[in-house]
Amino acid sequence: MALTAGQIVDAAHDLVAQYGVQDVSMRRVAAELGVQPGALYYHVPNKQEMLRRVAHRVLQPLRDVPGEPLELMQHLRRLILALPDGGDLILIAYALDPDLPPVPALRNALASRSEDVRLRSVDAGVLMRYALGALAIEQNSVLFGRSADESALLYDRGIKAILGQPREVPRE
């Protein structure tokens with residue numbers, strides 16, 4: 001049976017889910033698939049591209065879905081936090097691909113705020129950069145033993161502030 005790009009992405013995804021981004025290498029993926037590392041390069045030019053493809057797979061549920069910006073960003077949070085190092089994975093992928101999901105859906109959701117397509121793209125970029133930074137911090141804080149109790153509240157308040165939406169005062 002011939003090796004496919006899909007098999008490579010599947011194996012890389014499984015390794016990311018098990019061990020995190022830092023422990024995934026082309027050699028490790030090749031070993032997982034029982035092939036020589038060189039066999040991967042026919043389908044995937046480098047580790048970064050492989051991780052970008054894994055990120056697209058993780059974020060597939062956000063591809064072109066309708067929804068309000070806050071809902072999309074909450075869904076993004078759930079998908080990212082489901083993976084160890086999910087924040088780091090998506091940060092890498094977003095640096096390589098600024099149209100990573102949910103960016104197209106965010107641009108559409110922001111259409112009611114502005115007719116200027118360029119401004120919607122900028123606003124979607126601001127939301128993504130805030131979200132990815134906040135989620136990477138959240139995941140890394142948990143790795144270092146800090147509680148994530150307030151993280152969802154902080155995340156939502158930040159998104160609402162960027163969107164200019166009213167924010168409730170937290171109850172004590």
Side-chain angles (χ1 to χ4, degrees), residues 1-65 67 71-107 121-122 124-152 154-156 158-159 162:
M1 182 167 86
L3 183 64
T4 67
Q7 291 170 315
I8 295 167
V9 173
D10 287 343
H13 179 265
D14 291 346
L15 290 170
V16 168
Q18 268 187 289
Y19 303 107
V21 173
Q22 302 308 319
D23 287 334
V24 175
S25 67
M26 297 296 270
R27 286 186 183 282
R28 193 162 193 180
V29 172
E32 195 73 17
L33 293 168
V35 300
Q36 294 297 313
L40 302 183
Y41 292 100
Y42 178 78
H43 300 284
V44 182
N46 52 47
K47 177 182 175 180
Q48 292 77 17
E49 174 60 19
M50 180 176 67
L51 292 175
R52 187 190 74 78
R53 292 180 189 188
V54 170
H56 269 273
R57 175 158 300 161
V58 168
L59 298 176
Q60 183 64 34
L62 292 173
R63 183 172 306 286
D64 302 322
V65 295
E71 292 169 23
L72 290 167
M73 300 313 287
Q74 288 168 334
H75 195 174
L76 174 71
R77 181 175 183 272
R78 287 189 298 273
L79 291 171
I80 287 176
L81 294 180
L83 272 180
D85 292 343
D88 292 338
L89 170 70
I90 306 304
L91 274 170
I92 292 166
Y94 183 70
L96 296 168
D97 183 357
D99 277 335
L100 194 67
V103 173
L106 272 174
R107 282 195 297 262
S121 290
V122 168
V126 169
L127 284 166
M128 285 297 290
R129 287 167 187 241
Y130 166 77
L132 295 177
L135 292 169
I137 290 168
E138 180 177 347
Q139 281 193 314
N140 284 309
S141 294
V142 170
L143 285 175
F144 293 116
R146 296 199 49 212
S147 172
D149 292 343
E150 292 184 344
S151 294
L154 292 172
Y155 181 82
D156 282 355
I159 297 293
I162 292 167

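Residue pairs that meet the salt bridge (charged side-chain N to carboxylate O under 4.0 Å, His left out) test with at least one member in residues 20-35, sequence neighbours left out, do not exist here. Listed by first and then second residue, the side-chain hydrogen bond (donor to acceptor under 3.5 Å, both in side chains) pairs involving residues 44-56 are Glu49-Arg52, Glu49-Arg53, Arg52-His56, Arg52-Asp97, His56-Arg63, His56-Asp97 (not counting sequence neighbours). Identified under the side-chain hydrogen bond (donor to acceptor under 3.5 Å, both in side chains) test for residues 82-94, with sequence neighbours left out: none.
The CD1 atom of Ile159 sits 11.5 Å away from the CG atom of Leu154 when rounded to the nearest 0.5 Å. Expressed to the nearest 0.5 Å, how far CG of Leu33 lies from CG of Leu40 amounts to 6.5 Å. Going from atom CG of Leu96 over to atom CG of Leu91 covers 11.0 Å, rounded to the nearest 0.5 Å. Atom NE2 of residue His13 and atom CG of residue Leu89 lie 8.0 Å apart, to the nearest 0.5 angstrom. A distance of 6.5 Å separates CZ in Arg77 from CG in Leu135, rounded to the nearest 0.5 Å. Atom-to-atom distance recorded for Ile80:CD1 and His75:NE2 is 11.0 Å, nearest 0.5 angstrom.
Counted within 6.0 Å of CZ on Arg78, heavy atoms from surrounding residues, nucleotides or ligands total more than 12; the atom is thus considered enclosed.
Side-chain contact between Pro98 and Met128 is absent, with no heavy atoms from C-beta onward closer than 4.5 Å.
Across every non-hydrogen atom of Gly158 and Tyr130, the tightest pair is CA-OH, 3.4 Å. Among all heavy-atom pairs drawn from Pro101 and Leu59, the shortest one is O-CD1, 3.0 Å.
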Check the pair Val24 / Tyr19 against side-chain contact (heavy atoms from CB on, under 4.5 Å), numbers first and verdict last.
-> CA-CA 8 Å; Val24 175; Tyr19 303 107; 5.6 Å; no
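Considering only residues two or more places apart in sequence or on other chains, Gln139 meets the side-chain hydrogen bond (donor to acceptor under 3.5 Å, both in side chains) condition with none of them. Evaluation of the salt bridge (charged side-chain N to carboxylate O under 4.0 Å, His left out) rule for Asp99 yields Arg107 as partners, not counting sequence neighbours. Remark: Ala39 pairs with Leu3, Val35 by the side-chain contact (heavy atoms from CB on, under 4.5 Å) rule, at least two apart or across chains. Under the side-chain contact (heavy atoms from CB on, under 4.5 Å) criterion, Ala12 pairs with Val29, Met50, Val54, not counting sequence neighbours. With sequence neighbours left out, the side-chain contact (heavy atoms from CB on, under 4.5 Å) criterion links Ala105 to Leu72. Checked against side-chain contact (heavy atoms from CB on, under 4.5 Å), Ala17 has the following partners two or more places apart in sequence or in another chain: Leu83.
No donor-acceptor pair under 3.5 Å is formed between the side chain of Tyr41 and the backbone N or O of Met26.
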